[in-house]
Number of protein chains: 2
Amino acid sequence: MTEPQWLNAEEADVWAKYRRLRRDLHKAQEQQLLRDSGLSAADYALLAPLSEAPEGLLRARDLGAEVDWERSRLSHQVSRMEKRGLVAREACADDARGSMVRLTPAGRKAIEEAAPRHAQTVRRLFFDPLDAEEVRLLGQFLDRILAAVEAEAGESL
Amino acid sequence: MTEPQWLNAEEADVWAKYRRLRRDLHKAQEQQLLRDSGLSAADYALLAPLSEAPEGLLRARDLGAEVDWERSRLSHQVSRMEKRGLVAREACADDARGSMVRLTPAGRKAIEEAAPRHAQTVRRLFFDPLDAEEVRLLGQFLDRILAAVEAEAGESL
DNA sequence: ATCATTTCGGTGACATGTCAACAATATGGT
DNA sequence: ACCATATTGTTGACATGTCACCGAAATGAT
């Protein structure tokens, strides 16, 4: 009996490290983005798939699928970015319910300036501390933990 | 020349997995907490150190240090939790600037009911998919990445 | 003792994220 | 064609998080 319900000392330590990394890495990236490009993480998340789409144009539904965001979240964020001139909304020809989101020239300029430095930051902070074999292992660990999380999420559908 | 500026295919894959894990694990935990205990992640973050403090009483400054939150964030969250009866503010005897935060009986009940299931969820999702050696390795990886992140953060001080 | 500086907590404005509800439109079964 | 249902996007209310600033009080240098 006595399922191992609580975490042992090493697990508690690793869990604390994960939470700290989660927070501090995200904060470091947001600050780097904002400082270098004036973009927020939410801005970047939407600009990246838009910049890879033909003509920088995506239907809101498809942009939402790319980033896996809820519709309301996407709508709010697009509204904020529209105000700042990073994107523009257009009508959807195929479907009168739909809404197209187009990257403006200013938005294209912002993402193209931001992307290299963003990638450099990811490399320097996340990958440089590990060698190739360790990256491979970490990928395996993430796969397995993700599978457990997705299985849990799947139950409630 | 040509510093490895962009991520290679495996790195991009691992990075995408990390971001997905980051988001989905956090969401799974928040939902479990809210469903089982009516607490948000922010509630839990403050209730945990309070429940371990003598008399469930901590000075705001020290509570903030425990969770490493900014003062304004802590103040906002304590205000919201005060409204819901989870904690109560008191004057600080030593320092007239200070403010004490005390766990109410309702707050103690909430955290004590939430904690075991929270720990179970962490174990099931994060640690059960890994064996002991893998947990040890993951801890090493996190240590090294964290060191890189903290070094970066330290530069701007 | 005096006064600049620091610490402490709080507030308001705003950005972000979630939820419930809504209106308009599309879709599919009959 | 008709109508129940699903999809799409938006909105408003609210929780959360960040930032700049403030006022009060403690601290430290002189």
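Chain letters run A, B, ... following the sequence lines, proteins first and then strands; every chain starts at 1. What you see is a predicted model; the values in this text were computed from it and never measured.
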Which pair of non-hydrogen atoms, one from Glu30(A) and one from Ala41(A), has the smallest distance, and what is that distance?
OE2-CB, 3.7 Å

Any chance you could measure Leu58(A), atom CG, to Ser99(A), atom OG, to the nearest 0.5 Å?
11.5 Å

Single-linkage hydrophobic cluster, 4.5 Å side-chain cutoff, Leu63(A) and Leu57(A) together
no

Mind listing the residues from residues 45-70 of chain B sitting with a heavy atom below 4.0 Å of DNA chain C? Number order is fine.
Arg59(B), Ala60(B), Arg61(B)

Establish, from distance only, whether the side-chain atoms of Gln77(B) and Arg80(B) form a donor-acceptor pair under 3.5 Å.
yes

Same hydrophobic cluster for Trp69(A) and Val149(A), using side-chain heavy-atom links shorter than 4.5 Å among ILVMFWY?
no

Partners meeting ring pair (Phe, Tyr, Trp, His ring centres under 6.0 Å) with Trp15(B) (sequence neighbours left out)
Phe126(A), Tyr18(B)

For Leu86(B) against Thr104(B), the heavy-atom pair lying closest together
O-OG1, 3.0 Å

Can you give me the bend angle of the helix from dA1(C)-dT30(D) to dT30(C)-dA1(D)? Use the axis through the first five pairs and the one through the last five, nearest 10 degrees.
20°

In residues 90-110 of chain A, which residues come under 4.0 Å of DNA chain C by heavy atom?
Asp95(A), Ala96(A), Arg97(A)

Take the protein atom CG of Leu74(B) and the nucleotide atom P of dT7(C), then report the distance between them rounded to whole Å.
17 Å

On DNA chain D, reading 5' to 3', which nucleotide is the first and which the last to sit with an atom under 4.0 Å from a heavy atom of chain A, could you check?
dT7(D) to dA13(D)

Heavy atoms of Leu7(B) and Ala12(B) approach each other most closely as CB-N, 4.0 Å

Distance-only donor-acceptor pairs under 3.5 Å for side chains of residues 108-118 of chain A, two or more places apart:
from      : atom 1 : to        : atom 2 : distance (Å)
Arg108(A) : NH1    : Ser51(A)  : O      : 3.1
Lys109(A) : NZ     : Glu113(A) : OE2    : 3.2

So, OP1 or OP2 of dT11(C): does either fall under 4.0 Å of a side-chain N or O from Arg71(B)?
no

